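Some notes on the structure that comes next.
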Amino acid sequence: MIEDDRPHDATTQNARTAHAGRRPSETAPAAGAPWRERRRAVVLAALLFLQTFCTVFFIGDVVGDVIVEGVDIHIAFEAAVAGALAVGVVFAGLEMRRTIDRSRRAEAAVSVASGAFADLISAQFRSWNLTPAESDVALFALKGFDIAEIAELRGSAPGTVRAQLARVYAKAGVSSRTQLLAVFTDELLAGALPGLGMRSTVSSATGGQSASQPPPP
Amino acid sequence: MAAVNATAASGPVWDPIVRVTHWATALAITVNGLITEGGSTLHLWVGYSALALLVLRLLWGVIGPEEARFSSFPPSVAGAIAHVRDLAAGRHRSHPSHNPAGSLMVYALWATLGLTVATGVFLQTEPFPVSPAAASSAEERHGWAVEPLDRDERDDEDETVELVEEIHELAANLLLILAALHVAGVAVESRLSGRNLVRAMIDGAPTGRSGE
């Protein structure tokens, strides 16, 4: 999956800064599931139309019957059926409205979250005084590319990338790629856990450890 | 809130109800206005479909999402004129729903469609759902197509029926003219604003500037 994207990404992303690296991750989720979601919504809309059509049909029938024959039990029952259909249409519409609102909120939340994470990364890179080339390399490293791949993507020698990555680690005060990634995931989880009510369990579980050795910065 | 801001920046994201009712109504108007014979069974079915579509869209104007509600595109002649002037001057402002000129057209189309459908329902002497097939075969036998010949026995209503039929045809023709103007307006707006309004109505995607 990632392999397929690389050749044309290599040419377009070559000279770009770390910020441009956001693009693939932004476009990726727009491809599969939402499309299915949208088709589902269109089918639901068509069904709602069918329901409305039937309601119009039955109400027309009842009104016609009342005009021609007057009200009897049969027509009164038909009127009740038509009324129930009409109420059903309104409630199906309200339900549809809720579904649309929910999916829009979810989309907005995801884009805000991914945008915020990207902002966090570039802000952190700036605070470490990374050069544009180092930011680029660091971002590729965060995305999971190995040194040979990064070298190919950037059109530079593996040795250069290794040196740049070493400078990134030095500036960030970490000693490995995992620790570099941990700088960001730590921030992400620290914000998320209190909301989930999980912090207490985590800190109590690690409590014994952190007492003997101070947590990494 | 972020979603609302995003749509305000790049034009509305139309929900499926708006899109389905829009295109189905367009189809119904085209079919009944240009193809089917007035009074034929198909004409009646298509007409009732148009009524159902109108009812659904009007309901959606009350309970639908923000940009589909009447409150987000109030009819305003002054607003429409200002919008057209802005457009002509090359200024473009994004609107969270229909633009002011477009919303005037929307209300005009709905009113005309409503009138067409209402007169159409009135013209149908047999209450429609009883038995469309039988009614239509009777119509075919009596040669009832454009002129309601089988209503001759009811002389007192004859004049009313003729008047209603006149209104039906006038409203239908007005509807076709308005639809053509609407298409032209969308083409002009799309060209001048650089946003593909048709695509937004087809796939519900936000209308980014085409230059992007």
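Keep in mind that what you see is a predicted model, and the values were worked out from it rather than measured. Here is how names work: the chains are called A, B, and so on, in the same order as the sequence lines, proteins then strands, and each is numbered from 1.
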Write down the atom of [X], the atom of [Y], and the distance for their closest heavy-atom approach.
X	Y	value
A/M96	B/P16	CE-CG, 3.7 Å
A/R97	B/I63	CD-O, 3.1 Å
B/Y48	A/F53	C-CE1, 3.6 Å
B/A52	A/F49	CB-CE1, 3.9 Å

So, taking the atom named [atom1] in [X] and the one named [atom2] in [Y], what distance separates them when rounded to the nearest 0.5 Å?
X	Y	atom1	atom2	result
B/L51	A/F57	CG	CZ	12.5 Å
A/L48	B/L59	CG	CG	7.5 Å
A/T99	B/D15	OG1	CG	11.5 Å
A/T52	B/L54	OG1	CG	11.0 Å

Legend entry - Side chain, backbone, both or neither of A/I100 within contact of chain B (heavy atoms, under 4.5 Å): side chain
Legend entry - Contacting moiety of A/V90, where chain B heavy atoms sit under 4.5 Å: both
More than 12 heavy atoms of other residues, nucleotides or ligands under 6.0 Å from [atom1] of [X]: is that the case?
X	atom1	answer
B/I35	CD1	yes
A/F91	CZ	no
B/R69	CZ	yes

Inset, instruction - Would you mind checking which part of B/R57 comes under 4.5 Å of any heavy atom in chain A, side chain (CB onward), backbone (N, CA, C, O), both or neither? - result: neither
Inset, instruction - Considering only heavy atoms and a distance below 4.5 Å, find which of B/T21, B/I17, B/V18 pairs most often with chain A. - result: B/I17
Legend entry - Residue selection (most heavy-atom pairs with chain A, distance under 4.5 Å) from B/L53, B/V55, B/V62, B/V20: B/L53
